[in-house]
Amino acid sequence: MTGKMPDRAFHRQLADAIRAKVETLGKLEQERVLRGPLIIIFCVAAGQAAAEAPFVPPGTSPPDYELTTTVAKSIPYYPKESDQIVMHHDHWTRVTRSKASPSGAYYANDGVAITFNARGTFVRRGRLRWNDIDYEAHNTGEQQTHLGESCTVWEILRSRPDYGRLKLSESSCVTDDGIELWHRAMYGSDVHESVEATKIERRSVSDNEVNPPRSLLALDSPEQDAPERSTKPDYEVVMELSVGADRPTPVIRTVRQSGLWRFTEEIDGPRRNIAITYDSGTRLSYESDSAGVPNRLSIWPLKSTLPVSTSAALPDPRYAPKDLGRSDTILGETCRWYHMNPGWTHGFTLACKTEDGIVLKEESHSRMDDRTWTAVRLTRRPISIDEIKPPAELLEPRTWGLE
């Protein structure tokens with residue numbers, strides 16, 4: 001993935017800002033912000049951009065070890081200093097605040113990263129890459145001593161010459177056997193974030209201490225809603241994206257609604273995106289790369305989604321869908337056009353919805369892209385919960401290299 005804005009801290013703030021806005025404005029605002037798999041995945045990926053494995057120089061295979069480190073940040077709304085434990089064995093490195101911590105990260109040698117906390121589990125394959133950053137690691141030749149250990153300073157990344165006035169860089173000091181003793185992210189000459197080892201122990205580390213448990217990929221089993229829980233109709237709608245005539249295959253979106261559960265899948269050749277929501281609260285999102293290889297997976301437990309009670313505070317009316325006073329006929333069905341996110345300044349979405357709320361046409365407009373989806377098939381029928389569940393292989397450990 002490539003793009004702008006590479007700073008680790010910036011992406012943490014971006015993800016938190018989006019999350020805070022969602023929680024403040026409520027269900028309808030969440031549906032507006034997270035209105036499709038691509039945007040959901042972007043928010044998650046942005047939140048995970050800051051999480052990276054300890055740097056290991058090319059061609060180095062670290063021994064088993066355990067580090068106690070101190071993390072210092074100059075980031076608003078984050079603790080200025082905290083401790084964390086880093087353990088490494090064979091294929092995996094585990095980073096947590098304590099050995100029994102309910103949050104942390106697992107990093108595989110092949111680039112798979114798994115972060116977990118009370119909000120859920122987030123899996124990605126490969127580091128996010130930004131156009132403005134040069135990621136080639138350089139051995140500076142500088143030698144330092146830390147905790148009585150000799151280490152070599154590597155410059156891991158740096159902003160390209162045309163990036164701007166304030167230059168970004170990251171560096172790391174690594175022992176000859178591949179153990180990172182400190183890591184620093186710099187803005188110009190200012191240290192923005194640092195990780196420094198306070199204790200180092202080379203010892204035998206077991207698989208159980210560092211290998212991700214399979215339970216991280218467990219999705220709470222969706223249950224069919226009681227009839228009184230939802231007045232939404234069950235249906236399946238298939239939509240096509242308006243694209244150039246030179247495309248070999250159409251881009252297809254399939255939406256299935258079962259009570260308060262919704263399954264959305266977008267297929268663009270080998271690329272596949274999936275989102276599963278419950279009453280507008282996201283439960284799972286998935287993305288493959290352009291070759292169809294699993295690339296991103298996010299799982300939110302049901303308890304971490306927004307409340308579904310109808311007694312919840314109403315969202316700001318400025319963001320409620322606005323009836324545009326015009327209608328259309330699609331697949332023999334009458335639908336009315338709504339501005340889905342008035343008050344939103346970075347783009348907007350128009351949707352033509354049937355009387356019972358099914359979207360038959362959608363136009364989304366932003367600074368980066370304009371898209372139009374049109375329904376080509378609509379079926380009103382009972383949708384079983386099995387049709388809402390993700391494909392079983394997405395939650396298989398071997399899909400993500402966990403076995």
Side-chain angles (χ1 to χ4, degrees), residues 1-4 28 30-45 232-233 235-257 262-277 280 282 285-293 295-296 319 321-381 383 387 391:
M1 181 180 294
T2 60
K4 294 279 188 180
L28 292 180
Q30 183 187 40
E31 187 172 11
R32 176 181 68 79
V33 176
L34 305 180
R35 62 182 180 273
L38 292 175
I39 293 180
I40 292 171
I41 290 165
F42 169 76
C43 295
V44 175
K232 297 180 180 180
Y235 67 87
E236 178 182 74
V237 62
V238 178
M239 309 180 80
E240 285 192 9
L241 180 66
S242 297
V243 292
D246 58 338
R247 290 186 63 91
T249 58
V251 183
I252 299 296
R253 173 192 287 176
T254 300
V255 180
R256 300 189 193 102
Q257 183 87 32
R262 177 177 293 181
F263 172 93
T264 303
E265 178 181 54
E266 293 181 7
I267 296 179
D268 181 3
R271 188 186 297 275
R272 185 184 196 188
N273 296 327
I274 292 174
I276 296 174
T277 62
S280 299
T282 307
S285 66
Y286 165 82
E287 178 190 44
S288 72
D289 63 17
S290 58
V293 176
N295 201 31
R296 302 281 188 271
Y319 298 99
K322 178 181 178 182
D323 190 336
L324 297 178
R326 58 188 177 90
S327 60
D328 221 327
T329 301
I330 300 170
L331 297 178
E333 300 250 0
T334 300
C335 58
R336 290 188 63 82
W337 282 98
Y338 292 85
H339 191 317
M340 299 302 295
N341 42 19
W344 185 242
T345 59
H346 300 288
F348 63 94
T349 298
L350 307 180
C352 196
K353 302 199 296 185
T354 63
E355 187 175 352
D356 51 1
I358 301 173
V359 176
L360 297 183
K361 192 167 185 176
E362 178 183 285
E363 299 177 1
S364 59
H365 304 271
S366 70
R367 295 175 182 176
M368 298 178 62
D369 195 15
D370 291 329
R371 292 188 162 211
T372 299
W373 294 91
T374 305
V376 295
R377 186 170 74 248
L378 168 63
T379 307
R380 288 182 173 84
R381 62 176 177 84
I383 302 293
E387 296 177 88

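Below, each value reflects all heavy atoms present in this structure, side chains not excepted, and no hydrogens, waters or symmetry copies.
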Step by step, work out the salt bridge (Lys or Arg N to Asp or Glu O under 4.0 Å) result for Arg371 and Glu362. CA-CA 8 Å; Arg371 292 188 162 211; Glu362 178 183 285; over 6 Å; no
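- Exactly one of Met239, Glu333, Lys353 qualifies for a side chain to side chain contact (heavy atoms under 4.5 Å, CB included) with Leu360. That residue is Glu333.
- Counting heavy atoms from C-beta on, the side chains of Ile274 and Phe263 come closer than 4.5 Å.
- A distance of 9.0 Å separates CG in Asn295 from OG in Ser290, rounded to the nearest 0.5 Å.
- Atom CD1 of Ile267 and atom CG of Leu241 lie 13.5 Å apart (nearest 0.5 Å).
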Would Trp337 and Glu363 count as a side chain to side chain contact (heavy atoms under 4.5 Å, CB included) if you check the C-alpha gap in whole Å, the side-chain angles of each, and the deciding distance to 0.1 Å? CA-CA 10 Å; Trp337 282 98; Glu363 299 177 1; 3.9 Å; yes
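- Here the OH atom belonging to Tyr235 is positioned 8.5 Å from the CG atom belonging to Leu378, to the nearest 0.5 angstrom.
- A salt bridge links Asp323 to Arg336: one of the charged nitrogens lies within less than 4.0 Å of a carboxylate oxygen.
- Nearest heavy atoms, Trp373 versus Ile252: CZ3-C, 3.9 Å.
- Heavy-atom minimum distance, Pro270 versus Ala291: CB-C, 3.7 Å.
- In this structure, Lys322 forms no cation-pi arrangement with Tyr338, as its terminal cationic atom is not both closer than 6.0 Å to the ring centre and no more than 45° off the ring axis.
- Formation of a donor-acceptor pair under 3.5 Å by the Asp268 side chain with backbone atoms of Arg271 is not found in this model.
- Atom CZ in Arg326 sits 7.5 Å away from atom CG in Asp328 (nearest 0.5 Å).
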Working for side chain to side chain contact (heavy atoms under 4.5 Å, CB included), residues Ile383 and Gln257: CA-CA 7 Å; Ile383 302 293; Gln257 183 87 32; 5.9 Å; no
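- Considering every non-hydrogen atom in both Asp356 and Pro233, the closest pair reads O-CD, 3.6 Å.
- Checked by atom type and distance alone, the side chain of Ser366 pairs as donor or acceptor with a backbone atom of Asp369 at under 3.5 Å.
- The structure places CZ of Arg262 at 13.0 Å from CZ of Arg256, a figure rounded to the nearest 0.5 Å.
- Atom OG of Ser327 and atom CD of Glu355 lie 12.0 Å apart (nearest 0.5 Å).
- The nearest pair of heavy atoms linking Ile330 to Ala375 is CG2-O, 4.0 Å.
- A salt bridge does not link Glu240 to Arg377: none of the charged nitrogens lies less than 4.0 Å from a carboxylate oxygen.
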Would Arg272 and Glu266 count as a salt bridge (Lys or Arg N to Asp or Glu O under 4.0 Å) if you check the C-alpha gap in whole Å, the side-chain angles of each, and the deciding distance to 0.1 Å? CA-CA 6 Å; Arg272 185 184 196 188; Glu266 293 181 7; over 6 Å; no
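- For the residue pair Leu331 and Val376, the shortest heavy atom distance occurs at CD2-O, 3.7 Å.
- Considering all non-hydrogen atoms of both residues, His339 and Leu350 come closest at CA-CD2, 3.8 Å.
- For Arg380, the CZ atom is densely surrounded, since the number of other residues' heavy atoms within 6.0 Å is greater than 12.
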